[in-house]
Amino acid sequence: MEFALIFCTAILLDNILGDSLRIIQIIHPVILIGQVINFLRARIFREENFANGLLICVCVVATSGVTAGFLLGIFPEKLRFVAKIYALYAAIAWRDLKDETFVIYESLANHNLELAKIFLARVVGRDVANLDAIGISRAAIETVAENSVDAIFSVMFWALIGNILNHEYGAYICVWLFKAASTLDSMIGYEAFGKFGFCSARLDDVMNFLPARIGGLAIIFSGKFLGNKFADPLRIFLRDRLKHKSPNSAHGEAAFAGVLKIRLGGGAYYSGEFSSREFLGAEFREPEPLDILRAHRLLDISASIFAIMCVLIAICV
């Protein structure tokens, strides 16, 4: 029952406070992991080859897990409960994901396309200069859909797995093993075999594999609360979920496209070069700014369902 209480409290804090509480911290754990990665790249693993990529991946992930367990272990028993809450709270980015894309919606609603592009550029890697309102809306919704896995579903999933493996510290160690892998992927993950970031990218793929699929089904199920039929979104999800270079990235997007009945994907420009990609939900209409808010509502429902499922399993196991 302790884990269930900590789990729910951390989620509640994230939804209420978002990043506001983290500002008063000396340093956020994800930032610290990023600094460790940069230090190792600059001082130890300077040559970007496969072997060094494997070593930096092992070092960062192992260090993150050991540090999480060590810090929780040295906390006074009376404060350990609070430390565990923070360990989960700092890993979840539910509120932040909505906040970062809500300002995009506000800018579009106020017909301020340039401001919307500035906010969008903070959360996507694609070129934004030539995007219109449709393109900006699509990119914002894709950000919500794709990051629902990394920012929410996978964190909850690995917290549950860790708790099942070890009821004392397992949940928090597993969560920060995942966050280390996710940070490595975002900083050095290269897809080509044999490259420096190959191991980091593949580890992230492995750790997101089940959460992406379970989360996709949670999104589909959530459509029932928005008045949707179950069969049509499920058909779109099963048909389009692998239309991406990454084995996981299209699962959330395909589910969002099916439930919201909008067209996502279709490729984008990156550093001036067009990266082609198939449409997800190709038969549906183009997205509009209001669909960003609809995506937020769908995220809230699906993440809540996923959280309830994790809590019930934790209580029963």
Review point. Strictly by modelled atom types, are N208 and S154 linked by a side-chain donor-acceptor pair under 3.5 Å?
Key: yes
Review point. Side chains of R46 and N52: do they bring a donor and an acceptor to under 3.5 Å?
Key: no
Practice item. Kindly give the cluster partners of I236, where membership spreads through any ILVMFWY side chain lying under 4.5 Å from a current member. Key: F284
Any idea which heavy atoms bring [X] and [Y] closest together, and the distance?
X    : Y    : answer
W176 : P29  : CH2-CB, 3.3 Å
A254 : L280 : N-CD1, 3.9 Å
R41  : M187 : NH1-O, 3.9 Å
P287 : I141 : CB-CD1, 3.9 Å
L298 : L226 : CD1-CD1, 4.0 Å
G223 : V259 : CA-CG1, 3.7 Å

Using a cut-off of 6.0 Å, state whether more than 12 heavy atoms not belonging to [X] lie near its atom [atom1].
X    : atom1 : answer
F279 : CZ    : yes
F70  : CZ    : no
F75  : CZ    : no
F221 : CZ    : no

What I'd like to find out is whether the side chain of [X] reaches to under 4.5 Å of the side chain of [Y], using heavy atoms alone.
X    : Y    : answer
F119 : E100 : no
I37  : I33  : yes
M156 : I152 : yes
W158 : I161 : yes
Y86  : I6   : no

Determine whether a donor-acceptor pair (N or O, by modelled atom type, separation under 3.5 Å) exists between the side chain of [X] and the backbone of [Y].
X    : Y    : value
H28  : A90  : yes
N248 : D205 : yes
S302 : L299 : yes
D204 : D185 : no
D127 : G272 : yes

Any ion pair linking [Y] and [X] (charged N to carboxylate O, less than 4.0 Å)?
X    : Y    : answer
D300 : K98  : yes
E253 : R277 : yes
K84  : E2   : yes
E142 : R126 : yes
K117 : E114 : yes
R263 : E283 : no

Practice item. Answer with yes or no whether the hydrophobic clustering places V123 together with Y269; edges join I, L, V, M, F, W, Y residues whose side-chain heavy atoms lie under 4.5 Å apart. Key: no
**Study point:** Single-linkage hydrophobic cluster, 4.5 Å side-chain cutoff, L54 and M207 together
**Key:** no
Review point. Are H167 and F3 near enough that their ring centres are under 6.0 Å apart?
Key: no
Review point. Do R235's NZ or CZ and the ring of F237 fall within the cation-pi criteria of under 6.0 Å and 45°?
Key: no
Please tabulate, for the side chains in residues 306-313, all donor-acceptor contacts under 3.5 angstrom to protein atoms that are two or more places apart in sequence or on a different chain.
none

Donor-acceptor list for residues 288-297 side chains, cut-off 3.5 Å, not counting sequence neighbours:
residue, atom, partner, partner atom, Å
E288, OE2, R294, NH1, 3.3
D291, OD1, R285, NH2, 2.9
D291, OD1, R294, NH1, 2.6
D291, OD2, R285, NH1, 2.8
D291, OD2, R285, NH2, 3.4
D291, OD2, E288, N, 2.8
H296, NE2, T101, OG1, 2.7

